[in-house]
There are 2 protein chains.
Amino acid sequence: MSSDSTKEKIVQAAQRIFVRKGMDGARMQEIADEAGINKAMLHYYFHSKDQLFREVFYGILSRLIPGLINIFKGNEPFEDKIEAIVYEYDAYMSKNPILPQFVIREINRDPEQLAGFMTDQGLDFLQIEEMVDQEVKNGKIRPITFPHLFANLIGMIVMPYIGRPLFQRKLFNNDSEKYDQYLLERRTVITQFVKQALLVK
Amino acid sequence: MSSDSTKEKIVQAAQRIFVRKGMDGARMQEIADEAGINKAMLHYYFHSKDQLFREVFYGILSRLIPGLINIFKGNEPFEDKIEAIVYEYDAYMSKNPILPQFVIREINRDPEQLAGFMTDQGLDFLQIEEMVDQEVKNGKIRPITFPHLFANLIGMIVMPYIGRPLFQRKLFNNDSEKYDQYLLERRTVITQFVKQALLVK
DNA sequence: ATTTGGTTTAACCAAATGGTTAACTTTGTA
DNA sequence: TACAAAGTTAACCATTTGGTTAAACCAAAT
């Protein structure tokens with residue numbers, strides 16, 4: 001089960017430390033200790049700290065984007081797409097609770113590179129923007145522009161992951177299982193919330 | 001106009017650098033350069049890097065919380081409170097775009113201290129939780145628990161500030177003025193969005 | 001048994017970093 | 001004017017940090 005290769009051990013440990021301390025706060029020695037290996041191994045498998053960070057970060061991110069793109073490309077009605085996005089995104093994060101914090105750090109550390117990466121992955125916001133405009137024009141949803149819808153959706157999805165250490169404490173008596181339950185509920189709550197707000201009935 | 005005291009110059013510079021680089025990524029020398037003063041002055045006015053960071057961070061945060069508490073304590077109808085929260089929170093952030101990133105970093109760096117600080121400031125989530133439950137019970141709003149409403153609201157408000165460097169690039173051709181306009185719009189967009197989703201008509 | 005290749009280790013290094021110190025200048029004021 | 005306090009500076013220091021290196025280990029192939 002757990003005869004992980006050294007490289008895999010490093011990636012796992014690096015994920016945990018990078019999330020807890022950030023790229024700058026993380027120490028190579030610390031990652032080595034967490035992985036239970038010699039520090040030199042980090043440089044053996046990854047050239048530099050920077051490369052290790054990028055490999056961990058973009059490795060996780062690149063596994064999310066294709067799924068999202070596929071949903072947008074599909075022919076389902078708009079409200080089904082919304083639901084699919086929420087579920088896909090949220091499910092992925094429940095497996096990688098790390099992700100949003102990584103993204104936020106990268107957004108501030110090197111937004112240019114991140115933006116470039118997204119384009120490389122084929123994520124085209126202009127396309128999605130037109131799609132939303134069409135839905136509005138056809139009277140399917142209440143007037144809203146894509147940037148607003150985008151911020152609303154991503155904000156609601158991502159918030160409980162970003163804020164977990166605080167929210168769990170202050171809203172759930174630090175009960176970890178209750179928080180996991182809460183996270184699960186959010187998929188339907190968000191979907192309903194958005195539908196209620198947008199769909200013309 | 002700009003004969004700021006050295007201490008004030010330090011705080012201003014520290015804000016900018018801390019946001020850009022984070023607590024760990026920021027260099028004392030860098031802050032000194034940004035402030036146009038000698039590095040030793042940092043230690044003259046603030047004992048350590050850690051103290052400087054905390055003073056900057058909690059200084060900003062402590063100016064936001066009382067306003068929010070007052071809104072909750074008022075007797076206005078629920079939907080007015082929502083609107084007031086959105087406006088108050090958002091207006092404060094447009095003056096301190098720094099804040100959400102600070103909070104997120106602190107949430108992961110030292111959630112215990114942050115939670116303690118909020119209680120010290122008199123922010124009591126249980127109270128608000130009861131208020132929301134009452135509104136639901138009275139049939140004023142569709143069923144939702146406070147943790148869900150909270151995450152939805154804060155997420156929507158905060159997202160465009162957290163994501164600005166990326167969003168501005170990918171959604172607004174890196175046009176800073178358009179993004180400011182977008183931020184302004186969000187106040188009414190969010191309020192309408194939430195009312196539409198929650199209010200029983 | 002020996003070689004070979006990848007893997008792992010301990011010791012080491014130069015650079016960077018937070019922090020200190022001691023001397024100097026400016027400001028307030030009696 | 002004199003003098004103490006506050007403010008400012010450049011040089012310095014101990015420690016930490018990312019990264020390197022040379023030697024050792026070890027399993028599979030010869």
Side-chain angles (χ1 to χ4, degrees), chain A residues 1-60 98 101-102 105-106 108-110 113-114, chain B residues 1-60 98 101-102 105-106 108-110 113-114:
Chain A
M1 179 77 186
S2 64
S3 76
D4 293 332
S5 71
T6 301
K7 191 170 182 181
E8 189 52 32
K9 272 196 265 178
I10 293 176
V11 172
Q12 300 283 343
Q15 282 189 10
R16 269 170 281 158
I17 300 297
F18 276 141
V19 168
R20 207 150 47 216
K21 305 291 184 76
M23 154 77 178
D24 295 307
R27 299 289 150 238
M28 294 297 266
Q29 186 59 60
E30 207 178 356
I31 295 175
D33 291 345
E34 175 93 9
I37 51 134
N38 188 285
K39 180 167 73 95
M41 296 315 292
L42 300 180
H43 295 284
Y44 180 73
Y45 286 105
F46 304 88
H47 253 188
S48 64
K49 185 186 184 183
D50 204 67
Q51 194 206 308
L52 173 59
F53 179 80
R54 258 189 293 236
E55 213 135 320
V56 167
F57 172 63
Y58 287 107
I60 297 180
I98 290 157
Q101 289 158 44
F102 266 177
R105 276 202 186 97
E106 272 308 276
N108 287 283
R109 223 177 61 97
D110 196 341
Q113 187 180 47
L114 181 56
Chain B
M1 178 79 183
S2 62
S3 78
D4 292 331
S5 71
T6 300
K7 191 171 182 181
E8 190 51 34
K9 273 196 263 178
I10 292 176
V11 172
Q12 301 282 344
Q15 282 190 11
R16 269 170 280 157
I17 300 296
F18 277 141
V19 168
R20 206 149 48 213
K21 305 290 184 78
M23 154 77 179
D24 297 305
R27 300 287 150 237
M28 294 298 266
Q29 186 59 60
E30 206 179 358
I31 295 175
D33 291 347
E34 175 93 10
I37 52 135
N38 188 285
K39 181 167 73 97
M41 297 315 291
L42 300 180
H43 296 283
Y44 180 73
Y45 287 105
F46 305 88
H47 236 220
S48 63
K49 185 186 185 184
D50 204 66
Q51 195 206 307
L52 172 58
F53 179 80
R54 257 189 293 236
E55 213 136 319
V56 167
F57 172 65
Y58 287 106
I60 297 180
I98 290 157
Q101 289 159 45
F102 265 177
R105 276 204 186 96
E106 272 307 275
N108 287 283
R109 225 178 58 97
D110 196 341
Q113 187 180 47
L114 181 56

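What you see is a predicted model, and the numbers here were worked out from it, not measured in a lab. Atoms considered below: every heavy atom in the structure, side chains included; atoms not considered: hydrogens, waters and symmetry mates. Every chain is numbered from 1 and lettered A, B, ... according to where its sequence line falls, protein lines coming before strand lines.
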Trainee: How is the base pairing of DNA chain D summarised as a dot-bracket string, given the Watson-Crick and G-U wobble criteria with both distances under 3.5 Å, [ ] for crossing and | for another strand?
Mentor: ||||||||||||||||||||||||||||||

Trainee: Go through the steps to decide whether B:Leu114 and B:Asp110 satisfy the test side-chain contact (heavy atoms from CB on, under 4.5 Å), and finish with yes or no.
Mentor: CA-CA 7 Å; B:Leu114 181 56; B:Asp110 196 341; over 6 Å; no

Trainee: Regarding B:Ala26, tell me which of base, sugar-phosphate or nothing describes its non-hydrogen contacts under 4.0 Å with the strands shown.
Mentor: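 Since only primed, P, OP1 and OP2 atoms lie under 4.0 Å of B:Ala26, the category is sugar-phosphate.
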
Trainee: Taking OP1 and OP2 of D:dT16, is either one under 4.0 Å from a side-chain nitrogen or oxygen of A:Arg27?
Mentor: no

Trainee: Applying a 4.0 Å non-hydrogen cut-off, can you work out what B:Tyr45 is touching in the nucleic acid: base, sugar-phosphate, or nothing?
Mentor: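 Contact class for B:Tyr45: sugar-phosphate only.
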
Trainee: Rounded to whole Å, please give me the gap between CG in A:Leu42 and P in D:dT17.
Mentor: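 Those two atoms, CG and P, are 14 Å apart.
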
Trainee: Which atom pairs, donor and acceptor, lie under 3.5 Å between side-chain atoms of residues 26-34 of chain A and protein residues at least two apart or in another chain?
Mentor:
{"residue": "A:Arg27", "atom": "NH1", "partner": "A:Asp24", "partner atom": "O", "Å": "3.3"}
{"residue": "A:Arg27", "atom": "NH2", "partner": "A:Asp24", "partner atom": "O", "Å": "3.2"}
{"residue": "A:Gln29", "atom": "NE2", "partner": "A:Asp33", "partner atom": "OD1", "Å": "3.0"}
{"residue": "A:Glu30", "atom": "OE1", "partner": "A:Arg27", "partner atom": "N", "Å": "3.4"}
{"residue": "A:Glu30", "atom": "OE2", "partner": "A:Lys21", "partner atom": "NZ", "Å": "2.5"}
{"residue": "A:Glu34", "atom": "OE2", "partner": "A:Arg16", "partner atom": "NH1", "Å": "2.7"}

Trainee: So which protein N/O to nucleotides 19-21 of chain C N/O distances come out below 3.5 Å?
Mentor:
{"residue": "C:dG19", "atom": "OP2", "partner": "B:Lys49", "partner atom": "N", "Å": "2.8"}
{"residue": "C:dG19", "atom": "N7", "partner": "B:Lys39", "partner atom": "NZ", "Å": "2.6"}
{"residue": "C:dG19", "atom": "O6", "partner": "B:Lys39", "partner atom": "NZ", "Å": "2.5"}

Trainee: In whole Å, what is the span from the CG atom of B:Asp24 to the P atom of D:dT16?
Mentor: 15 Å

Trainee: Rounding to an integer number of Å, can you tell me how far B:Glu30 CD sits from C:dA16 P?
Mentor: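 For the pair B:Glu30 CD and C:dA16 P, the rounded distance is 14 Å.
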
Trainee: Quick one, B:Lys9 and B:Tyr45 - any side-chain contact, counting heavy atoms below 4.5 Å?
Mentor: no

Trainee: Tell me the interatomic distance from B:Tyr44, atom OH, to C:dG18, atom C1', rounded to whole angstroms.
Mentor: 20 Å

Trainee: Would you please name every residue forming a ring pair (Phe, Tyr, Trp, His ring centres under 6.0 Å) with A:Phe46, sequence neighbours left out?
Mentor: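 Testing A:Phe46 for ring pair (Phe, Tyr, Trp, His ring centres under 6.0 Å), a comparison that skips the adjacent residues, returns none.
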
Trainee: Tell me: CD of B:Gln29 to C1' of D:dT9, nearest whole Å?
Mentor: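 About 12 Å, once rounded to whole Å.
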
Trainee: For B:Phe53, what residues pass the ring pair (Phe, Tyr, Trp, His ring centres under 6.0 Å) criterion, not counting sequence neighbours?
Mentor: B:Phe18, B:Phe102

Trainee: My understanding is that only residues two or more places apart in sequence, or in another chain, count here; which of them pass side-chain hydrogen bond (donor to acceptor under 3.5 Å, both in side chains) with A:Glu106?
Mentor: A:Arg109

Trainee: Atom CE of A:Met41 and atom C1' of D:dA23: how far apart are they, to the nearest Å?
Mentor: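 In whole Å, D:dA23 C1' and A:Met41 CE are 15 Å from each other.
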
Trainee: Any N/O pairs under 3.5 Å between the protein and nucleotides 13-15 of chain D? List them or say none.
Mentor:
none

Trainee: Just so I know, are the side chains of A:Arg20 and A:Ile17 near enough to count as touching, which here means a heavy-atom distance under 4.5 Å?
Mentor: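 Yes, their side chains come closer than 4.5 Å.
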
Trainee: Mind calculating the distance between NZ (B:Lys7) and P (D:dA6) to the nearest angstrom?
Mentor: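 So the NZ-P distance, B:Lys7 to D:dA6, works out to 14 Å.
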
Trainee: Just how far, in rounded Å, is C1' of C:dT8 from CZ of A:Phe46?
Mentor: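 In whole Å, C:dT8 C1' and A:Phe46 CZ are 16 Å from each other.
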
Trainee: Which donor-acceptor pairs under 3.5 Å do side chains of residues 37-44 of chain B form with protein atoms, sequence neighbours excluded?
Mentor:
{"residue": "B:Asn38", "atom": "OD1", "partner": "B:Ala40", "partner atom": "N", "Å": "2.8"}
{"residue": "B:His43", "atom": "ND1", "partner": "B:His47", "partner atom": "O", "Å": "3.3"}

